Amino acid sequence: MSTSQIAFLKGHGTENDFVIVPDPDNAVDLPASVVARLCDRRAGIGGDGLLHVVRSAAHPDARSMAGQAEWFMDYRNADGSVAEMCGNGVRVFARYLRHAGLAEEGDLAVATRGGVKRVRLDGDGSVTVSMGRAQLPGSGVRVTVGDRGWDARNVNMGNPHAVAFVEDLAHAGDLLSAPSFTPASVYPDGVNVEFVVDRGPGHLAMRVHERGSGETRSCGTGACAVAVAAARRDGTDPAVTGTPATYTVDLPGGTLVVTEFPDGGVEMTGPAVIVAEGVVDVDLLETVIG
């Protein structure tokens, strides 16, 4: 390949889709402008984000985790900005490692900017991720779409979320632009906003606006944040009851199952698949777009 050509794959987890760039030695230059072009759905490959696959020892953001996890998920939003974590992305990242013969079925550790995540690759195609503990900052926040507003729960799953329980998912609007929130100081770097309705006991449905990407078909950390917020709302906080709380979360792209344990750990299970692979010429892509 020429220096302008990049090998890539395409994968998705509950239709939250990603461009995957294998780069074990961290040799591929991926500035924000290139990532945005690759993720462009009309003039590029298209994706909600990009998974840059790098050995932890080769990346300055992950060297400290190299002893715990061989591989680092250098995650980028669709606009090219760097993000701490992506729950669906971790599942697709792990599925890629298995696809490439770099990991076996069973347990796997993946380094992310949100810490090392424990992953289990099952033979049926599902992937379970130990997402760590949710943080619940005390700061109150209010989310607004048009002339409607809701008090939202501030949940951090390694990245920030505002969870609003609504009467109808249509009240979220088209989610082409980011919902407003106040006070602005609560999320200085932006926030993922989830709109949630009840489908039954332990059963929720949601839509999400992911910062830097717009509305996506699914958001793994968002589903976890929603389950954590619902457990507090429903009086089933596992730290209080001593019993795990499990929620089935329907998203536009599929279904995830989220369990929070009494020790605070959150686990998420769902499918992840690789659908294509090829080579893209970034110089040619820039010419077409520019």
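Residue indices begin at 1 and follow the sequence shown. All values derive from a computational prediction rather than experimental measurement. Just the heavy atoms: all of them, side chains too, but no hydrogens, waters or symmetry mates, feed the values below.
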Counting N and O atoms only, with roles assigned by atom type, does the side chain of [X] sit under 3.5 Å from a partner on the main chain of [Y], one being a donor and the other an acceptor?
X	Y	result
R91	P271	yes
N26	A58	yes
H161	V163	no
R142	G149	yes
N16	N88	no
D250	T255	no
R148	V166	no
D122	D124	no
R199	L204	no
T221	M157	no

Quick check for you: to the nearest 0.5 Å, what is the distance between [X] atom [atom1] and [Y] atom [atom2]?
X	Y	atom1	atom2	value
Y96	L9	OH	CG	6.0 Å
R211	N77	CZ	CG	6.5 Å
D17	S218	CG	OG	10.5 Å
H12	F18	NE2	CZ	10.5 Å
M65	T112	CE	OG1	6.5 Å
D174	H209	CG	NE2	9.0 Å

Can you name the nearest heavy-atom pair linking [X] to [Y], along with the distance?
X	Y	answer
C219	L251	N-CD2, 3.6 Å
A134	V266	N-CG2, 4.4 Å
M85	G114	CG-CA, 4.1 Å
V19	G46	CG2-O, 3.7 Å
A109	R118	CB-NH1, 3.2 Å
L108	A94	CD2-CB, 4.0 Å

Quiz item: Can you name the residues that form a side-chain hydrogen bond (donor to acceptor under 3.5 Å, both in side chains) with T248, not counting sequence neighbours?
Solution: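 Expected list: none.
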Quiz prompt | Distance-only polar pair, side chains of T128 and R120, donor-acceptor under 3.5 Å | solution =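 A donor-acceptor contact under 3.5 Å links the two side chains.
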Quiz item: Distance only, no hydrogens: is a donor on one side chain within 3.5 Å (strictly under) of an acceptor on the other, for T216 and D48?
Solution: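 Per modelled atom types, T216 and D48 side chains form no pair under 3.5 Å.
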Can you tell if the side chain of [X] reaches within under 4.5 Å of the side chain of [Y], non-hydrogen atoms only?
X	Y	value
V258	V226	no
W71	V110	no
L136	R153	yes
L175	F195	yes
V82	Y75	no
V21	I6	yes

Joint hydrophobic cluster, [X] plus [Y], side-chain heavy atoms closer than 4.5 Å:
X	Y	result
V191	V186	yes
V249	V127	yes
L102	V119	yes
L97	V116	no
L121	M268	yes

Exercise. Report the C-alpha distance between R113 and D74 in whole Å, list the side-chain angles of each, state the deciding distance to 0.1 Å, and finish with yes or no for side-chain contact (heavy atoms from CB on, under 4.5 Å).
Key: CA-CA 8 Å; R113 290 185 176 85; D74 175 19; 2.7 Å; yes
Exercise. Please lay out, stage by stage, how I45 and F8 fare under the test side-chain contact (heavy atoms from CB on, under 4.5 Å).
Key: CA-CA 9 Å; I45 298 167; F8 75 92; 3.7 Å; yes
Quiz item: Would you say E105 has more than 12 foreign heavy atoms packed within less than 6.0 Å of its CD?
Solution: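 Atom CD in E105 is crowded, with more than 12 foreign heavy atoms closer than 6.0 Å.
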Exercise. Applying side-chain contact (heavy atoms from CB on, under 4.5 Å), run through V141 and Y187 and close with a yes or a no.
Key: CA-CA 9 Å; V141 62; Y187 302 113; 3.7 Å; yes
Practice problem: Report the relative orientation of the aromatic rings in H171 and W150; use parallel for angles under 30°, tilted for 30 to 60°, perpendicular for over 60°. | Solution: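 Correct class here is parallel.
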Quiz item: Yes or no on side-chain contact (heavy atoms from CB on, under 4.5 Å) for I274 and R95, after CA distance, side-chain angles and deciding distance?
Solution: CA-CA 7 Å; I274 303 299; R95 179 58 60 200; 4.0 Å; yes
Name every donor-acceptor pair, under 3.5 Å, that has one atom in a side chain of residues 238-245 and the other anywhere in the protein, sequence neighbours excluded.
from : atom 1 : to   : atom 2 : distance (Å)
T241 : OG1    : D237 : O      : 3.4
T241 : OG1    : T243 : N      : 3.2
T241 : OG1    : T243 : O      : 3.3

Quiz item: Among all residues two or more places apart in sequence or in another chain, which pass the side chain to side chain contact (heavy atoms under 4.5 Å, CB included) test with D234?
Solution: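 Side chain to side chain contact (heavy atoms under 4.5 Å, CB included) list for D234, sorted by chain: A230, T236, Y247.
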